[in-house]
Amino acid sequence: MDFRSRHVLSIADFTRAEILHILSKTREIETSPRIDMLAGKVMATLFFEPSTRTRLSFEAAMQKLGGRVIGFSDAGSTSTKKGESLADTLRMVEQYADVIVMRHPRDGAARLASEVSRVPIVNGGDGANQHPSQTFLDLYTIAKLFPELTDGSRTLTIAFAGDLRYGRTVHSLLSALCHFRVRLLTVAPRGLEMPQQYLDEAAAAKVEVEVVPSLQDAIDGCDVLYMTRLQEERFPDPLEFDHIKASYRISASMLQAARPQMRILHPLPRVNEIARDVDATTHAHYFAQAGNGIPVRQALIGLILGAL
Ligand code: CP
């Protein structure tokens with residue numbers, strides 16, 4: 001399977017076999033690190049939106065493989081501020097780097113970049129659209145916890161909770177899970193439900209999706225609870241936000257009836273939706289999940305640059 005020079009824009013561009021290949025290469029690189037694999041290669045990180053995990057884990061992944069990193073985390077310090085277009089910025093950066101990781105607030109910006117750039121583009125998140133490297137790390141995390149995901153020996157129940165409308169990580173993950181034997185539960189505030197196009201995708205893949213009435217129902221009935229942040233800026237009425245916020249918060253006391261093996265994932269950052277007392281429970285897995293970003297991103301860069 002050849003991934004050389006391939007753009008990573010949307011999880012929808014990857015077949016089940018390709019996803020499994022990336023997960024297998026991630027396992028390989030995690031168990032046998034190769035410190036000089038990308039010596040002489042340069043990665044550019046162009047972050048037009050804030051990030052902690054995605055940018056830093058891509059940069060750490062590259063450096064741990066012997067490569068170098070250039071880039072910016074604040075477009076305000078670049079010539080974008082003087083009016084330079086995204087296309088012109090990319091025409092410059094492609095001359096400095098072998099691969100470009102980009103985060104941008106506009107849906108579709110990564111695909112647009114791929115039409116301009118001569119070097120591969122990795123989408124580090126574009127608007128409310130896609131965040132494919134997050135999805136690979138989410139899948140890798142779930143498969144490490146529950147090998148049934150990839151061996152298909154049991155139907156896993158995965159619950160999505162929070163802002164399912166604008167949260168790009170849940171969109172990418174739902175699309176990817178359509179390749180596997182899963183049942184999905186969803187719970188979201190009114191107006192922030194999963195968009196119809198993703199429900200249609202699940203239906204086409206014969207994946208059952210059940211809307212459950214409360215967060216507690218989701219907790220009690222799933223193997224994996226994928227929690228997301230409620231985005232205050234999406235609510236027109238601050239009072240409504242305060243009310244909803246209280247009903248979308250997990251605390252340790254709510255985990256009493258959860259399955260013993262149930263694990264809580266979250267792409268992070270969390271704000272209020274997971275109380276600190278959950279961190280000490282066996283169900284909390286979000287920090288370990290973020291740690292999986294390193295081997296997953298090492299595998300992606302290694303494959304794209306033809307080193308794996
Ligand atoms: N999960 C994630 O995308 O985190 P950052 O926004 O910190 O990159």
Side-chain angles (χ1 to χ4, degrees), residues 8-11 22-23 26 43-64 69-76 99-110 113 121-145 158 160-177 192 224-234 248 250 263-274 278-279 284-301:
V8 179
L9 306 177
S10 165
I11 201 72
I22 290 166
L23 299 187
T26 302
M43 178 177 78
T45 51
L46 313 186
F47 276 62
F48 294 88
E49 258 195 348
S51 164
T52 297
R53 279 143 292 272
T54 308
R55 186 175 65 82
L56 294 181
S57 64
F58 263 115
E59 294 186 357
M62 186 67 177
Q63 288 172 8
K64 281 170 178 268
V69 179
I70 58 172
F72 56 81
S73 56
D74 173 12
V99 57
I100 296 172
V101 181
M102 188 179 90
R103 172 171 287 186
H104 199 280
R106 276 212 323 267
D107 290 27
I121 300 288
V122 179
N123 182 4
D126 62 328
N129 187 31
Q130 284 272 326
H131 193 350
S133 69
Q134 175 74 41
T135 304
F136 287 119
L137 90 80
D138 292 341
L139 289 174
Y140 186 64
T141 303
I142 297 170
K144 269 174 97 174
L145 291 166
I158 298 180
F160 290 115
D163 177 357
L164 308 186
R165 180 171 177 190
Y166 296 106
R168 58 193 167 204
T169 61
V170 291
H171 301 161
S172 295
L173 184 55
L174 183 146
S175 297
L177 288 172
L192 295 181
V224 174
L225 175 66
Y226 195 94
M227 197 69 193
T228 63
R229 180 172 68 92
L230 289 182
Q231 297 174 44
E232 188 167 4
E233 62 276 19
R234 310 291 187 194
Y248 276 86
I250 310 177
R263 292 292 177 270
I264 302 167
L265 303 187
H266 190 309
L268 305 176
R270 72 166 153 190
V271 185
N272 294 302
E273 59 281 0
I274 302 178
V278 176
D279 296 359
H285 203 71
Y286 23 91
F287 294 118
Q289 173 192 5
N292 288 330
I294 299 281
V296 166
R297 288 169 172 135
Q298 285 180 317
L300 278 175
I301 305 163

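Quick note: numbers below take in every heavy atom, side chains included, and nothing from hydrogens, waters or symmetry partners. In each ligand, atom 1 is the first atom listed, and ligand 1 is the first ligand listed.
Using a distance-only test at 3.5 Å, with no hydrogens or angles considered, no donor-acceptor pair links the side chain of S73 to the main chain of F47. Judged by distance alone, the side chain of D107 and the main-chain N or O of A128 form a donor-acceptor pair under 3.5 Å. Judged by distance alone, with hydrogens and angles left aside, the side-chain atoms of S172 form a donor-acceptor pair with the main-chain N or O of H131 at under 3.5 Å.
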Sub-3.5 Å pairs, protein N or O with ligand 1 N or O:
residue	atom	partner	partner atom	Å
ligand 1	1 (N)	Q134	OE1	3.0
ligand 1	1 (N)	P267	O	2.8
ligand 1	1 (N)	L268	O	3.3
ligand 1	3 (O)	T54	OG1	3.0
ligand 1	3 (O)	R103	NH2	3.0
ligand 1	3 (O)	H131	NE2	2.9
ligand 1	4 (O)	R53	NE	3.1
ligand 1	4 (O)	L268	O	3.4
ligand 1	6 (O)	R103	NH1	2.9
ligand 1	7 (O)	T52	N	2.7
ligand 1	7 (O)	R53	N	3.0
ligand 1	7 (O)	R53	NE	3.2
ligand 1	7 (O)	R53	NH2	2.9
ligand 1	8 (O)	S51	OG	2.6
ligand 1	8 (O)	T54	N	2.9
ligand 1	8 (O)	T54	OG1	2.7
ligand 1	8 (O)	R103	NH2	3.3

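The aromatic rings of F72 and F48 sit perpendicular to each other, their planes meeting at more than 60°, with 30° as the lower class boundary.
Between E49 and R168 a salt bridge is recorded (basic side-chain N to carboxylate O distance below 4.0 Å).
Under the 6.0 Å distance and 45° angle rule, R297 counts as a cation-pi partner of F58.
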